[in-house]
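Right, one structure below, let's go through it.
Below, all heavy atoms of this structure are taken into account, side chains as well, without hydrogens, waters or symmetry copies. The chains referred to below are lettered A, B, ... by the order of the sequence lines, with proteins before strands, and numbering in each begins at 1.
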Amino acid sequence: MRLSRYFLPVLKETPNEAQIVSHRLMLRAGLIRQEAAGIYAWLPLGFRVLQKIEQIVREEMNRAGAIEILMPTLQPADLWRETGRYDAYGPEMLRIKDRQDRELVYGPTNEDMVTEIFRAYVHSYKALPLNLYHTQWKFRDEVRPRFGVMRGREFLMKDAYSFDLNKEGARRSYNRMYVAYLRAFSRMGLQTIPMRAETGPIGGDLSHEFIVLAETGESGVFCHKDLLDMPIPGADIDFDSDLEPIVSQRTKLYAATEDVHDQARFEREVPADKRLSARGIEVGQIFYFGTKYSVPMKAVVTGPDGRDVPIEGGSYGIGVSRLAGAIIEASHDDAGIIWPEGVAPFDIALINLKPGDAKVDAACEEIYAKLTAAKKDILYDDRDERAGAKFASMDLIGIPYQIVVGPRGLEKGLVEVKVRATGVKDEVPVESAVARFAKT
RNA sequence: CGGGGCGUAGCGCAGUCUGGUAGCGCAUCUGCUUUGGGAGCAGAGGGUCGCGUGUUCAAAUCACGCCGCCCCGACCA
């Protein structure tokens with residue numbers, strides 16, 4: 001993409017509504033535009049990041065055996081009356097009437113609807129386990145939206161729903177999501193720690209929040225430091241195998257958010273030098289809720305013994321739009337965003353320091369063409385701007401690598417390759433710059 | 001929803017207390033000079049001062065009402 005033809009409205013100054021660093025940087029780097037309290041438009045660069053995050057989540061969900069669908073944002077109110085949630089959900093749920101006076105809600109979540117879909121088609125235990133998911137916009141009319149996309153009212157969420165014949169099956173489904181989440185967040189450059197979470201009226205120990213440690217996190221968190229060094233399961237992990245060892249290796253160590261934190265137990269179970277008290281951002285939550293929806297909605301399957309049983313369910317959410325903010329909170333410096341490679345809007349920034357100079361233009365065009373042919377996404381700054389302005393905006397938008405091409409270096413046949421995260425710069429011949437990125 | 005704050009050009013702000021024909025910086029446009037870490041000079045364009053009602057000869061400024069946004073708390077992907 002040539003920057004001269006792109007739409008990248010970067011701001012030199014910070015709009016005064018933004019207080020936390022991720023919000024400030026998202027506005028300054030031209031990722032989002034606020035349209036109302038807690039409601040944002042995604043500009044080209046931000047939309048690319050959102051799509052990268054969504055795609056990683058999709059790949060890991062598919063790998064874990066979940067099946068993608070797409071449910072609507074608007075849902076009939078009657079569906080919510082079946083489970084009693086129409087009244088229970090409260091003013092956080094946006095209620096709408098259409099021209100025929102039919103009642104609709106803008107979905108804050110999809111347990112009711114997915115259960116409706118399930119019961120319409122699935123009647124045998126042989127079809128289980130089943131896990132259906134989608135990534136769709138949600139609306140929750142938060143009392144106090146804040147921190148940009150970190151706590152918006154409209155937000156993009158991946159939500160998955162598992163259906164199993166019994167508790168043992170549900171546990172296996174839960175474990176699959178647990179492992180898939182570890183992998184997904186890791187691919188986004190995030191270190192997450194699964195922590196025990198509130199489970200609601202169903203109880204049990206089957207709910208975890210996935211927490212990213214960050215100073216600006218909304219909740220206090222407490223855990224065993226060894227959780228920071230746990231290996232992430234590889235792409236070759238067999239999701240049909242028994243995942244319990246991977247899960248219990250973590251769950252046996254203390255980890256809790258302040259909501260469920262037990263200081264006495266923390267001190268009893270964790271040696272003093274292993275105790276970590278910090279702040280964190282919740283980027284995902286998984287939980288098992290049993291027959292909470294299947295009973296009222298009569299989502300039953302016929303078991304091997306010929307009797308109908310309500311399915312055992314779980315749901316699993318990832319805040320896709322929130323992740324864009326959370327990643328920035330976890331990865332930035334004074335100059336701007338530092339995108340991890342997996343979610344960067346472009347792979348490489350190509351900076352032409354002197355557009356109009358035949359040799360510099362030719363070198364840039366060659367690099368641009370070759371790396372594009374190598375399937376790299378390049379943001380080519382071909383604008384007629386001063387060098388300083390180009391460096392500053394590329395640092396701000398945080399593309400992981402910069403290739404800087406100017407007349408001074410080209411005299412010696414060299415271009416500069418800069419790593420955004422470390423600031424390390426190498427002067428290398430054009431061919432090696434291309435080779436360095438074309439091979440991976 | 002309780003408490004606090006803000007709304008003046010695309011962005012950041014001054015002007016409001018003490019009413020008198022709306023200003024600064026950045027950005028934008030034109031020209032010249034510059035050109036390896038957010039350039040300089042000269043010129044230009046851009047505002048029903050959030051909206052409404054009232055007070056007044058006169059309202060960004062005073063009064064009342066409304067709307068929007070931000071921050072702190074109670075609640076949540």
Write out a two-atom table: protein N or O, nucleotide N or O from nucleotides 69-72 of chain B, distance below 3.5 Å.
| from | atom 1 | to | atom 2 | distance (Å) |
| --- | --- | --- | --- | --- |
| rC69(B) | OP1 | Ala37(A) | N | 2.6 |
| rC69(B) | O3' | Gln34(A) | NE2 | 3.3 |
| rC70(B) | OP1 | Gln34(A) | NE2 | 3.0 |
| rC70(B) | O3' | Glu17(A) | O | 3.3 |
| rC72(B) | OP2 | Arg144(A) | NH2 | 2.2 |

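With a 3.5 Å ceiling on both atom-pair distances, the Watson-Crick or G-U wobble partner of rG20(B) is rC57(B). Partner assigned to rG73(B) is rC1(B), using Watson-Crick or G-U wobble distances below 3.5 angstrom. When Watson-Crick and G-U wobble pairs are counted only if both distances are under 3.5 Å, rC66(B) pairs with rG50(B). With a cut-off of 3.5 Å on both pairing distances, the Watson-Crick or G-U wobble partner of rU28(B) is rA44(B).
Side chain Lys425(A) to base rG37(B): a donor-acceptor pair is found below 3.5 Å. A donor N or O paired with an acceptor N or O is found under 3.5 Å between the base of rG38(B) and the side-chain atoms of Arg28(A). Under 3.5 Å, the side chain of Glu416(A) and the base of rG36(B) form at least one donor-acceptor pair of N or O atoms. On a pure distance criterion of 3.5 Å, no polar donor-acceptor pair joins the side chain of Glu13(A) and the base of rG38(B).
A side-chain donor-acceptor contact under 3.5 Å links Tyr161(A) to the backbone of Asn110(A). A distance-only check finds a donor-acceptor pair linking the side chain of Asp381(A) to the backbone of Arg383(A) [under 3.5 Å]. The backbone N or O of Glu111(A) sits less than 3.5 Å from a side-chain atom of Thr115(A), completing a donor-acceptor pair.
Note on Ala392(A): a base of the nucleic acid sits closer than 4.0 angstrom, heavy atoms only. Within the 4.0 angstrom heavy-atom criterion, no nucleotide atom of any strand lies near Val320(A). Using a 4.0 Å heavy-atom criterion, one finds that Thr14(A) contacts the sugar-phosphate atoms exclusively. Counting any heavy atom pair closer than 4.0 Å across all strands shown, Gly90(A) reaches no nucleic acid atom. Pro407(A) comes within contact range of at least one nucleobase, with a heavy-atom separation under 4.0 Å.
One atom, CG of Leu353(A), and another, P of rG37(B), lie 9 Å apart when rounded to the nearest Å. Distance CD (Glu258(A)) to P (rG73(B)): 11 Å, rounded to an integer number of Å. We find that CG of Asp384(A) is positioned 12 Å from P of rG31(B), with the value rounded to whole Å. Rounded to a whole Å, the CD atom of Glu411(A) is 15 Å from the P atom of rG36(B). rG37(B) atom P lies 15 Å from atom CG of Asp381(A), rounded to whole Å. What separates CG of Asp141(A) from C1' of rC75(B) is a distance of 13 Å, to the nearest Å. Straight-line distance from the CE atom of Met195(A) to the C1' atom of rA77(B): 17 Å, rounded to whole Å. The distance from atom CG of Leu27(A) to atom P of rG10(B) is 17 Å, rounded to the nearest whole Å.
Side-chain atoms of Tyr181(A) and His208(A) include no donor-acceptor pair closer than 3.5 Å. In summary, the side chains of Ser173(A) and Arg176(A) do present a donor paired with an acceptor at a separation below 3.5 Å, with no hydrogens or angles considered. Side chains of Gln51(A) and Arg48(A): no donor on one and acceptor on the other come within 3.5 Å.
Between rA60(B) and rC13(B), the distance separating the two C1' atoms is 15 Å to the nearest Å. For the P atom pair drawn from rA14(B) and rG5(B), the interatomic distance equals 16 Å after rounding to whole Å. Between rU28(B) and rG47(B), the two C1' atoms lie 15 Å apart (nearest whole Å). Taking atom P on both nucleotides, rC57(B) is separated from rC72(B) by 47 Å, rounded to a whole Å. For rU56(B) and rA42(B), the P atoms lie 48 Å apart once the distance is rounded to whole Å. Nucleotides rG4(B) and rA77(B) are separated by 30 Å at their P atoms, to the nearest Å. Comparing rA22(B) with rA58(B), their C1' atoms are spaced 16 Å from each other, to the whole Å. For the P atoms, the distance from rC49(B) to rU21(B) is 15 Å, rounded to whole Å.
Across Arg187(A) and Arg63(A), no two heavy atoms sit closer than the pair NH1-NH2, 4.1 Å.
Centroid-to-centroid, the aromatic rings of Tyr254(A) and His224(A) stay 6.0 Å apart or farther.
Remark: Arg386(A) is in phosphate contact with rA39(B), judged by side-chain N or O atoms under 4.0 Å from OP1 or OP2. Remark: Lys12(A) is in phosphate contact with rA27(B), judged by side-chain N or O atoms under 4.0 Å from OP1 or OP2.
When each of Pro15(A) and Phe155(A) is assigned the nucleotide of RNA chain B bearing its nearest heavy atom, the one mapping closer to the 5' terminus is Pro15(A). Residue-to-nucleotide proximity on RNA chain B shows that, of Arg322(A) and Arg408(A), the 5′-proximal contact is made by Arg408(A).
With centres under 5.5 Å and a plane angle under 30° as the test, the ring of Phe391(A) is not stacked against the base of rG36(B).
Distance check: Trp137(A) CH2 to Ile39(A) CD1 gives 10.5 Å after rounding to the nearest 0.5 Å.
Each of Asn131(A), Leu182(A), Leu243(A) was scored for a side-chain contact (heavy atoms from CB on, under 4.5 Å) with Met177(A), with one residue passing: Asn131(A).
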